[in-house]
Amino acid sequence: MNMEEEKRGSINRREWLCRAGLIAGASQLSLPSAMAQAESPAAPKPLDLSQYEPKSMLRVRESHVDRAKFSLIDIHTHISVSTKSQAGVELAPDRQYLGTPQELLGVMERKNIRAMVNLTGGYEKGLAETVVKYDRAFPGRFYTFAEPSYSRFKETEYAKLQAQAIEQAHRDGARGLKILKTLGLYLRENITSGTLVKIDDSRFDPMWDACGQRNLPVAIHVSDPIAFFTPTDRFNERYEELNNHPDWSFYGGDFPSNDELLAARNRVMARHPKTQFIVLHVGNFAEDLQNVSDNLDRFPNMFVDIAARIGELGRQPRTARKFFDKHQDRILFGTDATPHGDDYPQQVFNNKLYEIYFRFLESDDEYFDYAPAKIPPQGRWKIYGINLPDSILSKVYYENAARVLRI
Ligand SMILES: [Zn+2]
């Protein structure tokens, strides 16, 4: 149908509907009032999915957990970010700061947050500056992780240089290393072009070992929700999220599958048993806790955080609770909190976000929102609390992270 035909078609259809009294407002003009009354309430209007905000009619208890029961460490936050990146690869050490220590400390005091770990501290002078601005200015309240410098990736000595960079980062005060999904999904042989570099590429072996030798845990993010690897269509349970952020899809192209990414990550953990890995976002497979559990059994050097995945954990509360029981010494509290990250309500740093995490961990409330948002941002469902006992809660909130960070 060309534009003109389409226009004509729609006018004709509208005229027909008017005559039949099927368009709201038209009925009184053309039909006897008794018939209009019978027809108008039943006529359903199409509703754009983005406009749908159903209010639950369920009457169940609502706990307000204003403050965490135990002082906690948020192992996964982003207080500083790179100022320059291209095709998913950070290319400059300079940092942009998303929140001042003072404004963060206000929320931290109210919510019982002992410390925030800023994973994206960068490298070289950007890293050193971040440590001075937060960690050194407020000892015990902020810890900064370093990131690899990928801009030198093409240098023949890269493997050695990057291992040395870890030693320098340690001297500059970094408390760990963060690997974004740059490695595995964005970094290419010519940095931003060519074939994708694999997570277990041997050029990074000296880096992993240097982290182990310096007792720097590696916080590693290698994949994404499984729905991001399937077509963005009507069967996709994260359709709205992918529709809002089409660049988050790893379906098609030359992207490896989720299985391939996790297998490469596992080979790295197997090859470097003396290095501790915090596998972020529930081991990057919160939809399959059996898989995560099996990997935790296989790799004693593996830990997980729960950042930005209470939506997944909370929709399978019984399985999640068993997972916490079994792996209570290896699960770390984290949120992915980003100051002023309003576009991503599941990780925006504010009071409400933390209250939802506390409610999930501490209450047995049913059917509540996993993010402070009008529409659930990561899929149209709600969650259930898992009501952890104090003995597990204190480990997840603080003790496990303190052990990994050697506080
Ligand atoms: Zn993150």
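Whatever order the structure lists them in is the order used to number ligands and atoms, beginning at 1. Counting from 1, the numbers follow the sequence of the chain as shown.
- Taking 2.8 Å as the threshold, His78 counts as a candidate ligand of the Zn ion (ligand 1), since one of its N, O or S atoms lies below it.
- In this structure, CD1 in Ile306 is found 12.0 Å from CD1 in Ile75, a value given to the nearest 0.5 Å.
- Distances from the Zn ion (ligand 1) to each N, O or S atom of Asp336 single out OD1 as the nearest.
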From CA spacing to verdict: ring-ring contact (aromatic ring centres under 6.0 Å, His included), Phe204, Tyr158: CA-CA 9 Å; Phe204 292 100; Tyr158 180 76; 5.8 Å; yes
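- Here the NE2 atom belonging to His170 is positioned 10.5 Å from the CG atom belonging to Asp172, to the nearest 0.5 angstrom.
- In this structure, the ring of His245 has its center less than 6.0 angstrom from the ring center of Tyr344.
- Residue contacts to the Zn ion (ligand 1): His76 brings an N, O or S atom closer than 2.8 Å.
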